[in-house]
*Asks:* 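Here it is, the structure in full.
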Amino acid sequence: MASISPRSPPVVLELEKNSEASTTTSKFVLHDVILRVFLFATSLVALVTSKQTETIPVPFPPYGASVAAEFTDLPAFIYSSAVLSVTCFYSIITTILSFSALVKRSTTSSKLMSCVFSVDVLLLGILASTTGASGEVAYLGLKGNSNVGWHKICNVYDSYCRHIGFSVLTSIFSSMVLSFLIILYIITVSRR
């Protein structure tokens, strides 16, 4: 009859800890890849490229003038388009890096993910600032500001304003996805 030595349980516990850590890392990377694909989709959809031309009544002949509203008319929307383009590009690169970390597990991939985490935090701040700036300009277009004499334009450029509003809403979702990625990384690192 074989006897079990007192040293075998620690070895078994160590193997269980290693397999549990490996499973946790695999789940982290899988969730990371999924969230990064979702980040790409939301930031791509949020890109502002709206334009609408309307005829505005004027008091003299020919009694109407064509006036176009474009996203390039306002610096906040140009800023938003630039940041969302960077977010799209960044999400493609980090999705590839996360997928390669899923396929081959090594210490360099965990160090690389630490760098990616730092850039995620930075990009979240930039994306939140552009979402706030675009949201404020969109709100002024929707409601106007009677104190300074700014009239609302969404009653005239309704399609343009719907596109801008949808872009701001989707930018908020992109910011939320980046927040989830940061929280996921923090939880995973704290479990290690």
Side-chain angles (χ1 to χ4, degrees), residues 21-52 69-142 159-192:
S22 175
T23 304
T24 304
T25 304
S26 296
K27 286 181 182 178
F28 161 72
V29 173
L30 181 64
H31 288 114
D32 189 67
V33 168
I34 291 168
L35 283 172
R36 291 192 186 281
V37 168
F38 192 63
L39 175 64
F40 171 74
T42 56
S43 57
L44 182 66
V45 168
L47 278 171
V48 183
T49 57
S50 185
K51 178 181 179 180
Q52 183 178 357
E70 296 182 49
F71 78 99
T72 56
D73 293 340
L74 296 164
F77 297 145
I78 295 171
Y79 174 50
S80 178
S81 295
V83 169
L84 287 167
S85 298
V86 169
T87 305
C88 278
F89 183 67
Y90 173 75
S91 65
I92 290 170
I93 292 171
T94 55
T95 301
I96 293 168
L97 291 174
S98 293
F99 187 73
S100 69
L102 182 63
V103 173
K104 64 172 189 169
R105 297 179 189 121
S106 67
T107 57
T108 57
S109 64
S110 64
K111 290 177 185 176
L112 184 62
M113 292 312 286
S114 297
C115 292
V116 167
F117 167 75
S118 301
V119 178
D120 282 349
V121 172
L122 178 67
L123 193 59
L124 174 62
I126 295 170
L127 187 60
S129 74
T130 188
T131 302
S134 297
E136 176 60 26
V137 171
Y139 183 78
L140 284 174
L142 180 66
S159 175
Y160 174 77
C161 288
R162 277 195 306 272
H163 285 245
I164 297 299
F166 184 73
S167 173
V168 170
L169 181 68
T170 316
S171 293
I172 292 171
F173 288 140
S174 295
S175 296
M176 289 171 53
V177 170
L178 271 171
S179 299
F180 291 146
L181 281 165
I182 291 167
I183 291 168
L184 176 68
Y185 182 81
I186 290 170
I187 289 171
T188 304
V189 168
S190 68
R191 287 186 182 172
R192 286 185 187 169

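Note that the structure is a prediction, hence the values are computed from the model and not measured.
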*Asks:* Examine distances only and state if a side-chain atom of Gln52 and a backbone atom of Ser159 form a donor-acceptor pair shorter than 3.5 Å.
*Replies:* yes
*Asks:* Would you call the rings of Tyr160 and Phe77 parallel, tilted or perpendicular, taking 30° and 60° as the class edges?
*Replies:* perpendicular
*Asks:* So, taking the atom named OG in Ser98 and the one named CG in Leu30, what distance separates them when rounded to the nearest 0.5 Å?
*Replies:* 10.5 Å
*Asks:* If you look at every heavy atom in Val177 and Leu39, which pair is closest and at what distance?
*Replies:* CG1-CB, 3.7 Å
*Asks:* What is the minimum heavy-atom distance between Leu184 and Asp32, and which atoms define it?
*Replies:* CD2-N, 3.8 Å
*Asks:* About how many Å separate CZ of Phe180 and OG of Ser175, when rounded to the nearest 0.5 Å?
*Replies:* 11.0 Å
*Asks:* CD1/Ile182 to OG/Ser118 distance, rounded to the nearest 0.5 angstrom?
*Replies:* 9.5 Å
*Asks:* If every non-hydrogen atom of Ile164 is compared with every non-hydrogen atom of Ala138, which pair is closest and at what distance?
*Replies:* CG2-CB, 3.7 Å
*Asks:* Go through Thr87 and Ser43 one step at a time and tell me if the side-chain hydrogen bond (donor to acceptor under 3.5 Å, both in side chains) criterion holds.
*Replies:* CA-CA 6 Å; Thr87 305; Ser43 57; 5.5 Å; no
*Asks:* Check the surroundings of atom OH in Tyr79: do more than 12 heavy atoms from other residues, nucleotides or ligands lie under 6.0 Å from it?
*Replies:* yes
*Asks:* Ser134 side chain to Thr131 main-chain N or O, any donor-acceptor pair under 3.5 Å?
*Replies:* no
*Asks:* Hey, could you give me the CD1/OG1 distance between Ile78 and Thr130, rounded to the nearest 0.5 Å?
*Replies:* 11.0 Å
*Asks:* Quick one, Leu124 and Ser179 - any side-chain contact, counting heavy atoms below 4.5 Å?
*Replies:* yes
*Asks:* Between Asp120 and Tyr90, does a side-chain hydrogen bond (donor to acceptor under 3.5 Å, both in side chains) hold up when you go through it step by step?
*Replies:* CA-CA 9 Å; Asp120 282 349; Tyr90 173 75; 2.5 Å; yes
*Asks:* Determine the minimum heavy-atom distance between Leu127 and Ser174, stating which atoms define it.
*Replies:* CD2-CB, 3.6 Å
*Asks:* I would like to know whether Ser91 and Arg36 meet side-chain hydrogen bond (donor to acceptor under 3.5 Å, both in side chains); could you show each step before the answer?
*Replies:* CA-CA 6 Å; Ser91 65; Arg36 291 192 186 281; over 6 Å; no
*Asks:* What distance separates Leu47 CG from Ser81 OG, expressed to the nearest 0.5 Å?
*Replies:* 6.0 Å
*Asks:* Determine the minimum heavy-atom distance between Leu84 and Ala46, stating which atoms define it.
*Replies:* CD1-O, 3.3 Å
*Asks:* Take a 6.0 Å sphere around CZ of Phe117 and say whether it holds more than 12 heavy atoms from other residues, nucleotides or ligands.
*Replies:* yes
*Asks:* Say you draw a straight line from OG of Ser190 to OH of Tyr185; how long is it, rounded to the nearest 0.5 Å?
*Replies:* 11.0 Å
